Amino acid sequence: MKALVTRLDSFGDVLLAGPAIRAVAARADTVTLLCGPRGAPAARLLPGVDDILVWDAPWVGFTPPPVGRGEVELLIDTIDADTALVLTSFHQSPLPTALLLRLAGVDFIAADSEDYPGSLLDVRHHRAPHAHEVEAALDLAEAAGFPAADDGRPRVLPPPDTAGLTGPEPYVVLHPGASVPARAWSPDRCAEAARDLAAAGHRVVVTGGAGERDLTSYVAGSHALDLGGRTEAAELAGVLAGAGAVVTGNTGPAHLAAAVGTPVVSLFAPVVPAERWRPYGVPYVLLGDQDAPCAGSRARDCPVPGHPCLDTVTAHDVVNAVEKLMGEAA
């Protein structure tokens, strides 16, 4: 059986699809993962994936491309699968993807769908209303004939040794950036946390992407090691794996930390529900006002002056949460 799994959106979304992908891989001869460009670095880290197709879908992402007939026809001609699992978030429709898969000749397609799918789906599954994204994907896989093959936790391939970047353990990682501005703790609060964690005796490592070097430099100051722009996905996995705890917002590195088994202090803005998107499978502390006015809005930019859901969290709160998690792990 040639299986195809699709998850077309972000880095973290693809990581959360990992347990369902492993369930498919346990019964399929080959597994191809169809993902978007933002998710491709995560796709390369996942066990059970034999091949990766990268396609920028015009119905996904913050800056989707225009619809191009040539790109669509090329994708249809490239897909080679007997069965497919279309993974989406609770607010996304799987039907555009299912239509392309059907045109590509895929015989069996399963997805969560509230909308009537006509002949596009062979399994129209309804996700549990409060399920975490990991659990929802596993439930769909089981409904499609692919029961969980292991403990169902996020996992990645063994990361490289990054001691040359971080220096010796123990250390705490602080990741101040976020793919969505509404989900980020303020730079000033992050800098205070770096200072207070260092004052409490922790080595602090600040991480961020190539476009976040100014932010990581400011947050690290003279109190922390600045690795901004110095880690690709695999190296970041190694850095997170060596940490005693990771402090970050609801963004991809939170899920990568969970995938390497590191506890997470989650600065969680409630623009999406924590029950669906919190760190999964590891000890965590959730900080942030989950009943703030922005709750459930899916806002990209904070709609409330002062960003109160997160900026009411103090550096002291973060230090206490880090020490709680590290104490439990000792």
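Keep in mind the model is a prediction, meaning the values are calculated, not measured. Position 1 is the first residue of the sequence, and the numbers go up from there.
For the pair T314 (side chain) and D317 (backbone), a donor-acceptor distance under 3.5 Å is present. Of the possible donor and acceptor atoms, none in the side chain of S89 sits under 3.5 Å from a partner among the backbone N and O of H91. Between the side chain of D50 and the backbone N or O of V31, at least one donor-acceptor pair lies under 3.5 Å. Judged by distance alone, with hydrogens and angles left aside, the side-chain atoms of H307 form a donor-acceptor pair with the main-chain N or O of A184 at under 3.5 Å. A donor-acceptor contact shorter than 3.5 Å is absent between the side chain of T248 and the backbone of A254. T262 contributes no side-chain N or O that, together with a main-chain N or O of A258, makes up a donor-acceptor pair within less than 3.5 Å.
Within a 6.0 Å radius of CD in Q290, other residues, nucleotides and ligands contribute more than 12 heavy atoms. Within a 6.0 Å radius of NE2 in H316, other residues, nucleotides and ligands contribute 12 heavy atoms or fewer. Heavy-atom neighbours of R278 CZ from other residues, nucleotides or ligands within 6.0 Å: above the threshold of 12. Around CZ of F62, the count of heavy atoms belonging to other residues, nucleotides or ligands within 6.0 Å exceeds 12.
Between L95 and L120 the shortest heavy-atom distance is O-CD1, 3.8 Å. Summarising the geometry of C309 relative to C294, their closest heavy-atom pair is SG-SG, 4.1 Å, with the distance given to 0.1 Å. Taking all atoms of both residues into account, the shortest heavy-atom contact from G252 to L15 is O-CD1, 4.0 Å. Minimum interatomic distance between A26 and A149 (heavy atoms only, all atoms of both residues): CB-CB, 3.6 Å. T231 and G208 get closest at one heavy-atom pair: OG1-O, 4.5 Å. Across T251 and G177, no two heavy atoms sit closer than the pair CG2-O, 3.7 Å.
Taken together through direct or relayed side-chain contacts under 4.5 Å among Ile, Leu, Val, Met, Phe, Trp and Tyr, L34 and I21 form parts of separate hydrophobic clusters. Hydrophobic clustering, with ILVMFWY side chains joined whenever heavy atoms are under 4.5 angstrom apart, keeps Y171 apart from V264. L236 and L225 fall within a single hydrophobic cluster, where Ile, Leu, Val, Met, Phe, Trp and Tyr side chains are chained together by heavy-atom contacts under 4.5 Å. Hydrophobic clustering keeps L85 apart from V123 (ILVMFWY residues linked when any side-chain heavy atoms are closer than 4.5 Å, directly or through intermediates). In the hydrophobic cluster analysis, where Ile, Leu, Val, Met, Phe, Trp and Tyr join through side-chain heavy atoms closer than 4.5 angstrom, L287 is grouped together with L310.
Between D226 and R213, no side-chain nitrogen of the basic residue sits less than 4.0 Å from a carboxylate oxygen of the acidic one, so the salt-bridge criterion is not met. A salt bridge links D122 with R102; the closest basic N to acidic carboxylate O contact falls under 4.0 Å. Between R189 and E192 there is a salt bridge, since at least one side-chain N of the basic residue sits less than 4.0 Å from a carboxylate O of the acidic one. A salt bridge between D13 and R7 is present, with a side-chain N of the basic residue lying under 4.0 Å from a carboxylate O of the acidic one. Checked for salt-bridge contact, R38 and D9 miss the test: no charged N lies under 4.0 Å from a carboxylate O. Look at R22 and D150 and you find a salt bridge, because one of the NZ, NE, NH1 or NH2 atoms lies within 4.0 Å of a carboxylate O, short of that distance.
Side-chain contact, S113 with R127: no donor N or O sits under 3.5 Å from an acceptor N or O. Counting only N and O atoms by type, the side chains of D214 and S217 include no donor and acceptor under 3.5 Å apart. Using modelled atom types and a 3.5 Å distance limit, the side chains of Y280 and E135 yield a donor-acceptor pair. In summary, the side chains of H132 and E275 do not present any donor paired with an acceptor at a separation below 3.5 Å, with no hydrogens or angles considered.
With rounding to the nearest 0.5 angstrom, the CG atom of N320 is 11.0 Å from the CG atom of L325. Going from atom CZ of R27 over to atom CG of D29 covers 13.0 Å, rounded to the nearest 0.5 Å. Between atom NE2 of residue H255 and atom CZ of residue F11 there is a gap of 10.0 Å, rounded to the nearest 0.5 Å. The CZ atom of R183 sits 11.0 Å away from atom OG of S266, with the distance rounded to the nearest 0.5 Å. Here the straight-line distance linking atom SG of C35 with atom CG of L87 works out to 12.0 Å at 0.5 Å rounding. Expressed to the nearest 0.5 Å, how far CH2 of W185 lies from CG of D311 amounts to 8.0 Å.
Under the 4.5 Å side-chain criterion, counting only non-hydrogen atoms from C-beta, V260 is in contact with V156. Between H125 and D139, some side-chain heavy-atom pair lies under the 4.5 Å cut-off. Residues V265 and V246 have side chains not in contact (no heavy-atom distance under 4.5 Å, counting atoms from C-beta outward). H202 has its side chain within reach of M326: a pair of non-hydrogen atoms, C-beta onward, lies under 4.5 Å apart. Between V86 and T88 the shortest side-chain heavy-atom distance falls below 4.5 Å. You'll find the side chain of L45 stays beyond 4.5 Å of the side chain of V14, heavy atoms only. A 4.5 Å side-chain heavy-atom check between V106 and D82 finds every atom pair outside the cut-off. The side-chain heavy atoms of V239 and V173, taken from C-beta on, include a pair separated by under 4.5 Å.
A cation-pi geometry, defined here as NZ or CZ lying under 6.0 Å from the six-membered ring centre and within 45° of its normal, holds between R276 and F90.
Just one of D80, T32, T30 meets the side-chain hydrogen bond (donor to acceptor under 3.5 Å, both in side chains) condition when paired with K2; it is D80. Applying side-chain contact (heavy atoms from CB on, under 4.5 Å) to W55 and the options V60, T6, T78, L100 leaves one that passes, L100.
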Self-check item: Chi angles and distances behind the side chain to side chain contact (heavy atoms under 4.5 Å, CB included) call for R298, V272
Solution: CA-CA 6 Å; R298 298 207 303 270; V272 294; 4.2 Å; yes

Exercise. Give the intermediate values and the outcome of side chain to side chain contact (heavy atoms under 4.5 Å, CB included) for residues V318 and L267.
Key: CA-CA 9 Å; V318 166; L267 294 150; 4.2 Å; yes

Quiz prompt | side chain to side chain contact (heavy atoms under 4.5 Å, CB included) between T83 and F146, intermediate numbers included | solution = CA-CA 11 Å; T83 188; F146 302 102; 4.2 Å; yes

Self-check item: L8 vs T97, side chain to side chain contact (heavy atoms under 4.5 Å, CB included): CA-CA, chis, key distance, verdict
Solution: CA-CA 9 Å; L8 290 170; T97 304; 3.4 Å; yes

